[in-house]
Chemist: 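Quick one: the structure is below, and I'll ask about it shortly.
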Amino acid sequence: MKPGLKSAALLLSASAFSLMLFFQCVRDEKAGKSDTLESSALNIRNAVYTGRESCKRCHEDEYALFTGSDHDRAMDLADSSHVLGDFNNSTFVHFGITSKFYRKREKYFVFTEGTEGVMKEFEIKYVFGYRPLQQYLIEFPGGRLQCLPVCWDTRPKSEGGQRWFHIYDRERIEPDDILYWTGIMQNWNYMCAECHSTNLKKNYDHQTGEYRTTWTEIDVSCEACHGPGSLHVLWGEANEKGSTPAIPNMGLHVLFKDRNQGAWVFDKNSVTAKRSVPHNIGQQIETCARCHARRGVISEDYIHGKSFLDTHRPSLLDENIYYPDGQIQDEDYEYASYLQSKMFKAGVSCTDCHNPHSGKILVSGDALCYRCHQAEKYGSYNHHFHKQGTEGSQCVQCHMPVTKYMVVDPRLDHSIRIPRPDLSLKLGIPNACTQCHQDKPIQWAADSARKWYGDPKKYGVHYGEIIAEARKLSPSVLPELIRMCSDTSVAAMVRATAFSLLQHYSDPAITPAIHSGLKDPDP
């Protein structure tokens, strides 16, 4: 191919690509070929990424909501439009290391401790996130991008923000530590990239040890969730002209919309809403899970709409990541927590609470919860036993307690659990009561909960009690652990954790439990 023609082919627009596929479909029909997914040029796997601008004309409202969202600002070029930190010759001292931040020729630089502890100047290549902190990426040989450990606190000054801080806060990470910022654990390509850009391919060459990482959009854009959009563009253009090509699902990899138009409704005898029509929330949850789960990547060949578990291995309720009862301990990105919740079991999806395009909560405060939980019951003093209008009367304070990570980033525990200070006494784990009332002992909280809500024994043995004993390799807990593996009243995430703990035991009773588990409908 001549250079000019090659350039033209590479610059083929989304519309031209769509038109090409349309004529291919016509040719297939004339040839008598089936236009199913498997045989047609309209096979969804032939779709390519077209970029957010191809979505804007037909989806202006969604585009406006997305613009400026956390996803839209997940990553960007280090320029005056995106850098939030103070690069006006500012300094930051951490364990005797003084880092200097400044600008030269409209570019952003930091002079700080680098490889082997040598002080050096580095150019900031990209910004990473923006709320409540912004990190900075520096390019190294071999296509590596590394996360600078000194971050900018983007919160207002009145909240303690507008300052430089170190991601490890009061801990000194030496240059020979695996967590040091120039090493693998702070490598963007390996650790972070998939969840901050669209259609990202690491392209790691194991022979040379180099990355040739690519993306179609630098941040988390429309097609990161909906999949490559060229066939949807084709469908939309044809539909505007009055003809509808035989493209399943409007050319989308996955349809998130509830085709049954279900709603959450209260019946006359219930204080909790139920779905009017069942809605399969699995695809939505798994689409979000790709980035909102603590997980490892099995394969980069992710296909939108296919099982998340085909290409990713989520962390179970593993020690040092989750407390025995499943509360978050180390950083968690919602998925494993939410799978434990009553909300998930009831069919509540991510978008029942969050706008899918802005990411924001649909309704602020307790009003969000009261859409499904009757306010007269759950908003009353007789439910929460706190003075109305105080923090203690708010739903999230008890059911979604906050843990701070990365020094300034508060995360809500999405397991949405009932506070159990009695389990804190047994297992040494946190509880929402004394996380708020830090001046009170756990026994006080346990006594108060018993007085208000009755004997916690009514709940039976909590799975956290079994997991705690299994982590200690207690022989006596094995029968309970095996029983939990097949207990479908327990969340699949908990059952999977129980299975993983069987590896520490050697007993003939384990074999039939594993055989049964292999037939479980939930992978």
Side-chain angles (χ1 to χ4, degrees), residues 281-282 285-286 289-290 292-299 306-346 413-418 420 422-431 456-523:
I281 64 172
I285 298 288
E286 292 202 349
R290 186 184 179 194
H292 287 273
R294 180 156 178 165
R295 79 289 182 276
V297 178
I298 300 168
S299 167
K306 295 293 185 181
S307 174
F308 161 65
L309 297 178
D310 284 353
T311 51
H312 295 76
R313 183 183 182 276
S315 291
L316 303 180
L317 306 182
D318 295 328
E319 194 165 8
N320 299 319
I321 300 177
Y322 297 90
Y323 290 105
D325 69 334
Q327 290 186 80
I328 55 174
Q329 183 175 358
D330 200 6
E331 277 193 88
D332 157 87
Y333 308 109
E334 286 88 41
Y335 176 73
S337 292
Y338 191 62
L339 292 196
Q340 301 172 65
S341 72
K342 289 184 177 181
M343 306 297 115
F344 173 71
K345 190 174 183 179
D413 191 327
H414 278 64
S415 57
I416 316 175
R417 61 184 64 244
I418 296 170
R420 292 287 302 273
D422 61 298
L423 290 180
S424 295
L425 289 172
K426 290 181 181 179
L427 307 177
I429 59 178
N431 68 84
K457 288 181 180 178
K458 66 184 179 182
Y459 298 117
V461 176
H462 192 279
Y463 57 79
E465 298 176 69
I466 299 171
I467 290 174
E469 287 299 304
R471 286 180 178 180
K472 293 187 286 187
L473 310 184
S474 171
S476 62
V477 82
L478 182 58
E480 281 292 293
L481 192 64
I482 291 174
R483 180 197 59 76
M484 193 163 72
C485 287
S486 59
D487 184 357
T488 54
S489 69
V490 177
M493 176 56 70
V494 177
R495 298 203 310 274
T497 302
F499 272 110
S500 73
L501 290 166
L502 290 178
Q503 67 185 297
H504 303 303
Y505 294 88
S506 178
D507 190 287
I510 291 173
T511 304
I514 292 173
H515 285 168
S516 175
L518 290 171
K519 299 173 185 175
D520 195 296
D522 191 316

Chemist: Measure the CD1-CZ distance between I321 and R294 for me, rounded to the nearest 0.5 Å.
Modeler: 4.0 Å

Chemist: Could you tell me which non-hydrogen atom of S415 sits nearest to which non-hydrogen atom of R417, and how far apart they are?
Modeler: OG-NE, 2.9 Å

Chemist: Within the structure provided, determine whether I482 and I510 are in side-chain contact (heavy-atom separation under 4.5 Å).
Modeler: yes

Chemist: To check you understand the geometry: which heavy-atom pair defines the closest contact between A336 and Y322, and what is its length?
Modeler: CB-OH, 3.1 Å

Chemist: From S489 OG over to Y463 OH, what is the distance, rounded to the nearest 0.5 angstrom?
Modeler: 11.0 Å

Chemist: State, with a plain yes or no, whether a side-chain heavy atom of L478 is found less than 4.5 Å away from one of L502.
Modeler: yes

Chemist: Taking NZ in K457 as the centre, count heavy atoms belonging to other residues, nucleotides or ligands within less than 6.0 Å. Is the count above 12?
Modeler: no

Chemist: Is the closest side-chain heavy-atom distance between L317 and Y323 below 4.5 Å?
Modeler: no

Chemist: Assess whether atom CZ of R471 is packed by more than 12 heavy atoms of other residues, nucleotides or ligands within 6.0 Å.
Modeler: yes

Chemist: Taking side chain as C-beta onward, heavy atoms only, is V461 less than 4.5 Å from I466?
Modeler: yes

Chemist: The test is side chain to side chain contact (heavy atoms under 4.5 Å, CB included); show your working for K306 and T311 and say whether it passes.
Modeler: CA-CA 9 Å; K306 295 293 185 181; T311 51; over 6 Å; no

Chemist: Could you pull out the closest heavy-atom pair between L501 and A470, with the gap in Å?
Modeler: CD1-CB, 3.7 Å

Chemist: Check Q340 against G326 and note the closest heavy-atom contact, atom names and distance.
Modeler: NE2-O, 3.1 Å

Chemist: So, taking the atom named NZ in K472 and the one named NE2 in H504, what distance separates them when rounded to the nearest 0.5 Å?
Modeler: 14.0 Å

Chemist: Quick one: CG on L481 to OG1 on T497, what's the gap to the nearest 0.5 Å?
Modeler: 10.0 Å

Chemist: Can any side-chain N or O of S424 pair as donor or acceptor with the backbone N or O of I429 at less than 3.5 Å?
Modeler: yes

Chemist: Below 4.0 angstrom, N of the basic side chain to O of the carboxylate: do D325 and R420 qualify?
Modeler: no

Chemist: Y335: which residues meet the ring pair (Phe, Tyr, Trp, His ring centres under 6.0 Å) condition with it, sequence neighbours left out?
Modeler: F308

Chemist: Compare all side-chain heavy atoms of E286 with those of S307 and state whether any distance is below 4.5 angstrom.
Modeler: yes

Chemist: Between atom OG1 of T488 and atom CZ of R495, what is the distance when rounded to the nearest 0.5 Å?
Modeler: 6.5 Å

Chemist: Roughly how far apart are S500 OG and E319 CD, rounded to 0.5 Å?
Modeler: 11.0 Å

Chemist: Which atoms form the tightest heavy-atom contact between I285 and F344, and what is the distance?
Modeler: CG1-CE1, 4.2 Å

Chemist: Hey, does the side chain of E465 reach the backbone of H462 with a donor-acceptor pair shorter than 3.5 angstrom?
Modeler: yes

Chemist: Checking side chain to side chain contact (heavy atoms under 4.5 Å, CB included) for the pair H312/I298: CA distance, chi angles, key distance, verdict?
Modeler: CA-CA 5 Å; H312 295 76; I298 300 168; 5.8 Å; no

Chemist: Do you know the tightest heavy-atom contact between S474 and S476?
Modeler: OG-OG, 3.0 Å

